Amino acid sequence: MIRATFCITLISAATLSAGAQAPAPTQAAPESQPLEEVIVTAPEPRFVAPTLRDRIGRVWAPVYVNGEGPLRLVLDTGATRSAVTVEAAARLRLRVSDAPTVLLRGMTGEAQVPLVDVESIEIGDLTVEPAKLLVVKDAFGGAEGVLAARGLKDRRILIEFRRDHIEIVRSKNQRASTGFSVLPIRLLRGHVPTVRAVVGNVEVRAIIDTGAQQTTGNLALREALIARRRVEEKQDKVIGVTGDIQEGPTSRVPPIYLGNVRVSNAHITFVDLYIFRHWRLTDEPAIMLGMDVLGVLDTLILDYRRKEMQIRLVN
């Protein structure tokens with residue numbers, strides 16, 4: 001199965017020349033019943049869009065560009081710059097043909113893409129003006145682009161999977177409610193949230209990547225797990241926003257622990273991803289937590305002001 005995943009970092013061309021539906025389940029489907037991909041193309045905005053038959057889905061946020069919309073953008077906590085598809089850019093009448101290009105660094109590779117100016121981007125009570133958007137070809141499974149979390153440094157993102165609800169507001173520095181597990185966030189490259197987690201008994205650095213459908217691990221984690229247990233693997237493929245494809249083995253892993261929250265029956269695809277090398281995460285065990293794992297939660301809160309991730313499982 002080829003699963004699309006989106007994780008974006010960016011470097012300018014000038015720099016180069018110089019150098020909705022709920023509820024979500026509490027556990028994954030049995031191994032004997034592999035999940036079948038479902039492409040969501042519904043025209044109405046959805047806040048948490050199901051992409052798999054077990055209703056694990058990427059988060060869609062309603063976004064207005066130049067006062068028009070809402071556009072359905074995938075909330076991508078791993079992205080440095082927001083992007084829209086070619087089709088969405090045409091509908092917004094954005095000037096793409098004469099726009100400068102920049103180098104888009106994706107999870108699996110890189111590509112030159114246009115970077116266009118817009119008057120404003122509105123998400124919840126946040127308005128960014130002026131702003132810039134990448135224009136990319138990928139259709140994101142029915143969504144119209146990605147919403148980067150880079151500009152949300154003082155925001156609080158609340159995702160309630162069972163209620164099909166997302167809320168992006170200014171953080172009021174509020175503490176987690178009873179029943180939530182709290183994990184400190186460390187921002188990679190100043191904007192990508194990471195937490196400490198445990199896979200089985202292996203400590204890992206976990207990147208919170210709401211733009212990815214599947215969870216991927218680096219080869220250092222695979223070696224650590226193989227040293228502790230027998231692993232049954234099958235080949236899988238990961239395709240990034242740039243269209244590049246990387247292959248690697250997928251296997252069922254021991255429980256993943258996020259604080260006192262335990263996620264069982266998870267599968268990880270182990271790939272020497274381009275983005276792991278770019279972020280210099282090849283020596284220590286690391287994973288990118290995608291929506292196959294994050295989507296089994298009842299509630300996920302990312303509070304950038306408090307530098308906390310607050311999570312709760314389904315009751």
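We're numbering straight along the sequence, starting at 1. Given the structure is predicted, the values throughout are model-derived calculations rather than measurements.
Between Leu219 atom CG and Asp283 atom CG the span is 11.0 Å, to the nearest 0.5 Å. Between atom CD1 of residue Ile166 and atom CD1 of residue Ile159 there is a gap of 5.0 Å, rounded to the nearest 0.5 Å. Within the model, atoms OH of Tyr304 and CD1 of Ile185 stand 6.5 Å from one another, a figure rounded to the nearest 0.5 Å. The distance from atom NZ of Lys132 to atom CD1 of Ile121, rounded to the nearest 0.5 Å, is 11.0 Å. Taking CG from Leu75 and CG from Leu147, the interatomic distance works out to 5.5 Å, rounded to the nearest 0.5 Å. To the nearest 0.5 Å, atom CZ of residue Phe180 and atom CG of residue Asn260 are 12.0 Å apart.
Annotation: side chain of Asn66 is not in contact with side chain of Leu92 (no heavy-atom distance under 4.5 Å). Proximity of Phe161 to Leu300: side-chain heavy atoms (C-beta onward) are separated by under 4.5 Å at one or more points. With a 4.5 Å cut-off on side-chain heavy atoms, Val102 and Leu134 count as touching. Residues Trp279 and Met288 have side chains in contact (heavy-atom distance under 4.5 Å, counting atoms from C-beta outward). The shortest distance between side-chain heavy atoms of Ile275 and His278 falls below 4.5 Å. Counting heavy atoms from C-beta on, the side chains of Leu188 and Leu281 come closer than 4.5 Å. Counting heavy atoms from C-beta on, the side chains of Val146 and Val136 never come closer than 4.5 Å. Within the 4.5 Å cutoff, the side chain of Pro193 has heavy atoms near those of the Leu187 side chain.
Residues forming a side-chain hydrogen bond (donor to acceptor under 3.5 Å, both in side chains) with Arg305 (at least two apart in sequence, or on another chain): none.
Both Val204 and Ile268 are assigned to one and the same hydrophobic cluster, defined by single-linkage of ILVMFWY side chains at heavy-atom distances under 4.5 Å. In this structure, Leu158 is not a member of the same hydrophobic cluster as Leu73, with clusters built from ILVMFWY side-chain heavy atoms closer than 4.5 Å. By the rule that hydrophobic residues join a cluster once side-chain heavy atoms approach within less than 4.5 Å of another member, Val198 and Leu289 end up as members of separate clusters. Taken together through direct or relayed side-chain contacts under 4.5 Å among Ile, Leu, Val, Met, Phe, Trp and Tyr, Val63 and Leu302 form part of one hydrophobic cluster.
Judged by distance alone, the side chain of Glu144 and the main-chain N or O of Arg72 form a donor-acceptor pair under 3.5 Å. Put simply, the side chain of Ser181 never gets that close to the backbone of Ile311: no donor and acceptor are under 3.5 Å apart. A donor-acceptor contact shorter than 3.5 Å is absent between the side chain of Arg277 and the backbone of Thr282. The closest donor-acceptor contact from the side chain of Arg306 to the backbone of Asn173 lies under 3.5 Å. Distance alone, capped at 3.5 Å, places no donor-acceptor pair between the Asp154 side chain and the Arg170 backbone.
More than 12 heavy atoms of other residues, nucleotides or ligands lie within 6.0 Å of CZ in Arg228, so this atom counts as buried by the packing criterion.
For the pair Glu203 and Pro285, the tightest heavy-atom approach, listed with the atom from each and the gap, is O-CB, 3.7 Å. Nearest approach of Thr269 to Gln214, heavy atoms of both residues: OG1-NE2, 3.0 Å. The heavy-atom pair separating Ala89 from Val96 by the smallest distance is CB-CG2, 4.0 Å. Counting all heavy atoms, side chain and backbone alike, Arg312 lies closest to Gly179 at CG-O, 3.7 Å.
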message = Pair Leu297, Val261 - check side-chain contact (heavy atoms from CB on, under 4.5 Å), show working.
response = CA-CA 9 Å; Leu297 301 173; Val261 170; 4.1 Å; yes
query = When you look at Gln213 and Asp292, which way does the side-chain contact (heavy atoms from CB on, under 4.5 Å) test go after all the steps?
reply = CA-CA 6 Å; Gln213 292 187 36; Asp292 54 343; over 6 Å; no
side-chain contact (heavy atoms from CB on, under 4.5 Å) between Leu294 and Thr210, worked out = CA-CA 8 Å; Leu294 298 175; Thr210 59; 4.2 Å; yes
inquiry  = For a side-chain contact (heavy atoms from CB on, under 4.5 Å) check, start with the C-alpha distance between Trp60 and Val74, then their side-chain angles and the critical distance, and finish with the verdict.
reply    = CA-CA 5 Å; Trp60 289 11; Val74 173; 3.9 Å; yes
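Within the structure, salt bridge (charged side-chain N to carboxylate O under 4.0 Å, His left out) contacts touching residues 94-103 (residues at least two apart or in different chains) are Arg95-Asp98.
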